[in-house]
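Take a look at the structure below.
Order of the sequence lines fixes the chain letters, A, B, ..., with proteins taken first and strands second; residue numbering starts at 1 for each chain.
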Amino acid sequence: MAKVIVVTSGKGGVGKTTTSASFATGLAMKGNKTVVIDFDVGLRNLDLIMGCERRVVYDFVNVLNNESTLKQALIKDKHCDNLFVLPASQTRDKDALTEEGVERILNELKKDFDYIVCDSPAGIEKGALMALYFADEALIVTNPEVSSVRDSDRILGILAAKSKRALNGDEPIKEHLVITRYSPKRVELGEMLSIDDVKDLLGIPLIGVIPESESVLSASNSGVPVIHDIDSNSGQAYADVVDRFMGVNLPLRFLNVEKKGLLSRIFGN
Amino acid sequence: MSLLDYFRGTRKPSASVAKERLQIILAREHSGREEPDYLPALKKEILEVVSKYVSVDLGAIQVNLERDENCEVLELNIALPEHRERDSQKRELVAHD
Ligand SMILES: Nc1ncnc2c1ncn2[C@@H]1O[C@H](COP(=O)(O)OP(=O)(O)O)[C@@H](O)[C@H]1O
Ligand SMILES: [Mg+2]
């Protein structure tokens with residue numbers, strides 16, 4: 001049975017799109033037929049992060065409005081055979097995102113795909129609500145920072161009250177906490193909330209910690225999701241998230257300040 | 001003890017201040033979540049009725065819903081303008097399950 005996973009956070013700029021791109025890529029690399037949908041209508045970005053921006057012809061809203069078929073709008077990923085991107089429209093307004101329309105498209109995708117990853121826009125308006133409404137599972141992307149934690153908590157409240165599962169009284173959406181932009185050094189200095197702090201405050205199981213890393217910027221510069229950068233700590237951390245999602249038990253990594261060896265201290269890097 | 005000490009980190013590390021503040025605000029927001037959806041609309045309609053007779057603004061109305069095991073208390077506090085004899089009148093509606 002296909003699974004719908006929303007990547008959400010309330011707050012903007014915390015790493016939802018970065019996470020959606022790498023998570024969907026990771027699922028596909030494990031052999032799962034995966035589609036990642038950009039719900040940020042009017043502000044599409046997932047296409048850039050996935051590196052398929054020049055191949056966008058039709059988009060999510062075109063499909064919603066029956067101006068194109070789903071097949072015409074889906075973009076096959078350059079690197080993974082099992083991966084497709086459904087881009088958001090750049091211009092059209094959010095009114096196109098109706099519950100019936102979104103449900104129709106998700107149901108059609110469910111016939112062909114194992115995983116449907118929904119990259120939510122920021123906020124708690126229509127786009128964000130539609131991205132989470134049909135979810136079976138949720139990745140709650142949170143930075144160790146006050147406003148991000150509060151907004152994530154707010155989104156957890158919405159998942160528990162306004163999602164389809166909640167309204168139907170079905171089994172609740174399975175929630176996973178992804179802490180991103182984590183800086184071990186600042187935590188050590190007492191300047192940043194620790195992983196335990198965020199876990200205590202939000203009270204949901206942690207699926208991974210993505211360190212603050214320069215590789216993320218170079219990955220988005222080149223339009224290749226950072227999970228492909230297997231030498232980078234953030235790429236490896238995303239690979240771990242995917243493994244844990246698929247049920248592999250892995251210890252957390254990159255939580256502590258890297259102690260530089262004597263040689264690298266003398267010669268620099 | 002100056003405000004600057006907060007930022008210099010000579011007092012408590014700022015992360016623990018952040019955690020304490022979040023614990024308090026999240027607890028408060030969770031209790032707000034229990035509120036029924038109709039409460040804001042109820043408040044607005046009561047205000048409309050009241051303001052037919054006396055001029056009050058939205059800030060003058062406080063609505064509180066308290067629950068225990070078998071009883072819900074909806075408490076309404078309306079602060080009436082001062083030239084009235086009493087500057088506040090309290091009405092309680094008690095609904096039993
Ligand atoms: N782990 C990370 N390390 C460094 N920068 C990051 C990390 N995750 C995200 N970013 C940066 O943060 C910004 C916002 O990320 P994005 O994924 O677009 O967030 P959102 O979709 O939540 O708005 C981008 O510039 C991105 O490169
Ligand atoms: Mg985004």
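- Closest of all the heavy-atom pairs between B:Leu26 and A:Leu201 is CD1-O, 3.8 Å.
- With rounding to the nearest 0.5 Å, the separation of OG in B:Ser16 from CD in A:Glu191 is 12.0 Å.
- The candidate with the highest count of non-hydrogen atom pairs below 4.5 Å against chain A, out of B:His30, B:Arg21, B:Gln23, is B:His30.
- Heavy atoms of other residues, nucleotides or ligands lying less than 6.0 angstrom from NZ of A:Lys126 number more than 12.
- Applying the salt bridge (Lys or Arg N to Asp or Glu O under 4.0 Å) criterion to A:Arg154, with sequence neighbours excluded, gives no partner residue.
- Heavy-atom neighbours of B:Glu48 CD from other residues, nucleotides or ligands within 6.0 Å: above the threshold of 12.
- The side-chain heavy atoms of B:Ile25 and A:Val146, taken from C-beta on, include no pair separated by under 4.5 Å.
- Here the closest non-hydrogen pair linking B:Ala15 and A:Leu193 is O-CD2, 3.5 Å.
- If you measure heavy-atom distances from B:Glu29 to chain A, the contacts under 4.5 Å come from the side chain alone.
- By the salt bridge (Lys or Arg N to Asp or Glu O under 4.0 Å) test, A:Asp200 pairs with B:Lys19, sequence neighbours left out.
- The heavy-atom pair separating A:Gly190 from B:Pro13 by the smallest distance is O-CB, 3.5 Å.
- Chain B forms the most heavy-atom pairs under 4.5 Å with one residue out of A:Arg186, A:Glu145, A:Arg150, and that residue is A:Arg150.
- Other residues, nucleotides and ligands place no more than 12 heavy atoms under 6.0 Å from the CD atom of A:Glu125.
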